[in-house]
A.B. asks: 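Take a look at this one; I'll ask things after.
Bear in mind the structure is a predicted one, so any value in this text is a computation, not a measurement.
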Amino acid sequence: MMRLKSVLACAGLLAGVFVVLSQPAAHAAPTRYEAENSPAVCSGTIDSNWSGYSGSGFCNGNNATGAFAQFTVNAGAAGTATLGVRFANGATGARSADLIVNGSTAQSVSYEATGAWNTWVTKTLTVSVNAGSNTIRFNPTTSNGLPNIDYIDVEVGGTPPPPPGGIIGWATESGGTTGGAGGPTITVSTFADFRTQAQAAGARTILVNGMLSGSGTVEISANKTIRGVGANSGVSATTLNIEDMHPANVVIQNMNIRGVPGNDAIQIENATHVWIDRNTLSSTIESDPDYYDGMLDITHGADYITVSWNIFRNHWKNSLVGHSDSNASEDRSHLRVTYHHNWFDRTFERSPRVRFGETVHVFNNYYSNINNNTSSYAIASVMDAGLLVEANVFENVQQACWSRSGYGDSDPGRLVARDNSLTNSGPCETNGSVAALPYGYTAENVGTVKSSVTAGAGAGKL
Ligand code: GCU
Ligand code: CA
């Protein structure tokens, strides 16, 4: 029955609602200074032979020590400025430069190779500025010169991070997600009691006290909040299943959750309204990628899901959204998920890998060390999924995003990327446009994302 309804809903959506995203009103806009516009200075030439630049060209500095690119930047007040430097480096090695602010060297910067002269990435730097006019100069320290520089985005101050604790994103839509609110609160300290309470009918908040080891699958019923006590509570060796409920209205918070050999740790199938918040989900890296299955898999037309402030650590097939290339009729126009402020650390694939879902919103996440082999990647949009990948930090990530190329056997998906910061990472491949988001949110400035996520994500932070 559900599957038939999905087909009908899909026919309505196919009428062509894909619009180009506009900047949400709440998003603090940095000021862009193009390298080709005076008073910027380029000791070299303004070129336009490599595509993908913004404005009318980019600075190709002479390949010589001291052949600089300089910007004149205005600050409303003295303070910390976040610089987003957009550059391409098609050479084989990194190029280094001093960052000189108002005549003083502030730091040295390494511009990694981006793979091609038309592959542009943004590097985020933080500097102190004076009120009024400031000069910001990049001065190469070797005769290799600078990378090609397109522009710098400058934001003084920056936006405060969204308060941990608030729910934002897709789980707030279409009635919202409240979990066990309004029902009794029950503390459990054995796995048997946990299972009984989680499977019982009616709203309830279940406080999990201690690390409870189980087996098999726990079928969580509707209107539940499952929350760990303190920093060290949670469940292991069991699958938490949220299935066939519209709405499920389930919240999972402050839990330590371990990967389950041969199975998913959390599985959301054909269910709506789920909030996965401030958990630590971790496994071990086995030589066989299939030793564990998914950590958080979202399939069969599941919808209205927010995944926030979690740590995902040491897992291979981390978070799949849409399980099969041949499941369009059930999945298309569903699988709407927001991932924000998560720390993906050594999650070697699928963070997330999305088929059909639109718009899956991936913002303000910190990705680290996703590089155990040449096929490691953070995000993949395939089978015409639509992803907005916004203000995330990628450090040591083999490939930040796949989209235009497809991934594995799957056809391409669409992906819009903006304001991301990549360090020693492969590109975030983009493709086409995606549908606008219906909800309001404030994306944190990418310059502070790493510190707020490492401080605020995971169990023990409530
Ligand atoms: C090539 C490329 C330039 C680049 C230069 C360099 O000539 O076309 O855009 O600036 O290499 O090595 O700096
Ligand atoms: Ca050059």
Side-chain angles (χ1 to χ4, degrees), residues 21 23-24 26-31 79-86 107 109 112 121-127 152-169 276-281 306-313 318-319 337-347 351-352 360-371 377-379 387-397 399-401 415-428 430 437 439-458 461:
L21 278 156
Q23 195 91 331
H27 187 275
T31 306
T80 302
T82 303
L83 310 181
V85 186
R86 191 159 189 261
Q107 57 179 283
V109 183
E112 61 272 17
V121 305
T122 302
K123 176 178 284 298
T124 305
L125 305 167
T126 309
V127 295
I152 61 172
D153 274 342
V154 180
E155 188 171 6
V156 181
T159 44
I167 179 171
I168 54 180
I276 307 292
D277 180 58
R278 253 137 347 135
N279 304 287
T280 298
L281 304 102
T306 294
V307 180
S308 54
W309 298 101
N310 301 286
I311 297 174
F312 292 89
R313 179 163 282 146
N318 192 48
S319 190
V337 187
T338 303
Y339 290 86
H340 75 92
H341 290 95
N342 299 289
W343 183 1
F344 297 101
D345 181 38
R346 292 168 55 80
T347 54
S351 293
V360 172
H361 188 195
V362 181
F363 78 99
N364 286 164
N365 299 286
Y366 173 43
Y367 294 86
S368 57
N369 305 319
I370 300 182
N371 59 357
Y377 69 94
I379 299 167
L387 269 65
L388 172 59
V389 175
E390 181 181 17
N392 300 284
V393 176
F394 299 90
E395 277 182 10
N396 308 320
V397 175
Q399 174 83 16
C401 316
L415 191 149
V416 171
R418 64 176 180 226
D419 301 340
N420 296 294
S421 167
L422 291 94
T423 300
N424 190 30
S425 295
C428 185
T430 60
L437 291 163
Y439 54 79
Y441 68 100
T442 302
E444 181 181 354
N445 188 295
V446 72
T448 51
V449 165
K450 178 177 173 180
S451 59
S452 51
V453 168
T454 52
K461 304 291 168 60

A.B. asks: So, using side chain to side chain contact (heavy atoms under 4.5 Å, CB included) as the criterion, who are the partners of T122 when residues are at least two apart?
C.D. replies: R86
A.B. asks: By side chain to side chain contact (heavy atoms under 4.5 Å, CB included), which residues pair with S351, not counting sequence neighbours?
C.D. replies: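 Here the qualifying residues are N318, F344, T347, Y367.
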A.B. asks: Which heavy atom of A400 sits nearest to which heavy atom of A378, and what is that distance?
C.D. replies: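 Reported closest heavy-atom pair: O-CB, 3.3 Å.
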A.B. asks: Where do A457 and I311 come nearest, in terms of heavy atoms and distance?
C.D. replies: O-CD1, 3.6 Å
A.B. asks: What's the verdict on side chain to side chain contact (heavy atoms under 4.5 Å, CB included) for L388 and R418, showing C-alpha distance, side-chain angles and the deciding distance?
C.D. replies: CA-CA 8 Å; L388 172 59; R418 64 176 180 226; 4.0 Å; yes
A.B. asks: Return the NZ to OG1 distance between K450 and T423, rounded to the nearest 0.5 Å.
C.D. replies: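 Output value for this atom pair is 8.0 Å.
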A.B. asks: Looking at residues at least two apart in the chain, or sitting in another chain, which of them share a side chain to side chain contact (heavy atoms under 4.5 Å, CB included) with N424?
C.D. replies: N396
A.B. asks: What I'd like to find out is whether the side chain of D277 reaches to under 4.5 Å of the side chain of T306, using heavy atoms alone.
C.D. replies: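 A side-chain contact under 4.5 Å is absent here.
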A.B. asks: Which atom pair, heavy atoms only, marks the closest approach of Y339 to N365?
C.D. replies: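 That closest heavy-atom pairing would be O-ND2, 3.0 Å.
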A.B. asks: Spell out, as yes or no, whether a donor-acceptor pair under 3.5 Å connects the side chain of N420 to the backbone of V389.
C.D. replies: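 Side chain of N420 to backbone of V389, a donor-acceptor pair under 3.5 Å: yes, one is there.
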A.B. asks: Can you check whether H340 reaches E444 side chain to side chain, under 4.5 Å on heavy atoms?
C.D. replies: no
A.B. asks: Tell me, do P427 and Q399 make a side-chain contact under 4.5 Å, heavy atoms counted?
C.D. replies: yes
A.B. asks: Going by the rule side chain to side chain donor-acceptor pair (under 3.5 Å), which residues pair with Y366 if we only count those two or more places apart in sequence or in a different chain?
C.D. replies: E395
A.B. asks: What pair of heavy atoms forms the shortest contact from S308 to N342, and how long is it?
C.D. replies: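 That would be C-OD1, 3.4 Å.
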A.B. asks: Any heavy-atom pair between the side chains of P30 and T82 that's under 4.5 Å?
C.D. replies: no
A.B. asks: Please determine, by modelled atom types, if T338 and Y441 share a side-chain donor-acceptor pair under 3.5 angstrom.
C.D. replies: no
A.B. asks: Apply side chain to side chain donor-acceptor pair (under 3.5 Å) to T280 and list each qualifying residue two or more places apart in sequence or on a separate chain.
C.D. replies: none
A.B. asks: Just how far is it from atom CG of N445 to atom CG of D419, taken to the nearest 0.5 Å?
C.D. replies: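 It is 8.0 Å, given to the nearest 0.5 Å.
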A.B. asks: For the CD1 atom of I152 and the OG1 atom of T31, what is their distance to the nearest 0.5 Å?
C.D. replies: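 I152 CD1 to T31 OG1: 10.0 Å, rounded to 0.5 Å.
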A.B. asks: A81 and V154: which non-hydrogen atoms are nearest, and at how many Å?
C.D. replies: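 The answer is CB-CG1, 4.2 Å.
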A.B. asks: Residues two or more places apart in sequence or in another chain: which of them pass side chain to side chain donor-acceptor pair (under 3.5 Å) with D345?
C.D. replies: R313, S368
A.B. asks: Which value, rounded to the nearest 0.5 Å, describes the distance between S421 atom OG and L83 atom CG?
C.D. replies: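 If we round to the nearest 0.5 Å, S421:OG and L83:CG are 11.5 Å apart.
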A.B. asks: Do the non-hydrogen side-chain atoms of L415 and I379 ever get within less than 4.5 Å of each other?
C.D. replies: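 Of all side-chain heavy-atom pairs linking I379 with L415, at least one is under 4.5 Å.
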A.B. asks: My understanding is that only residues two or more places apart in sequence, or in another chain, count here; which of them pass side chain to side chain contact (heavy atoms under 4.5 Å, CB included) with S425?
C.D. replies: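 Partners of S425 by the side chain to side chain contact (heavy atoms under 4.5 Å, CB included) criterion, ordered by chain and then number, come out as F394, V397, L422.
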A.B. asks: Would you say P352 and V337 make side-chain contact, with heavy atoms under 4.5 Å?
C.D. replies: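 No; the side chains remain at least 4.5 Å from each other.
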A.B. asks: Got E390 and N364 here, is their nearest side-chain heavy-atom distance under 4.5 Å?
C.D. replies: no
A.B. asks: Angle between ring planes, H361 versus F363, binned at 30° and 60°: parallel, tilted or perpendicular?
C.D. replies: parallel
A.B. asks: For N279, give me all partners under side chain to side chain donor-acceptor pair (under 3.5 Å), at least two apart in sequence or on another chain.
C.D. replies: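 Scan of N279 (side chain to side chain donor-acceptor pair (under 3.5 Å), adjacent residues dropped) gives N310.
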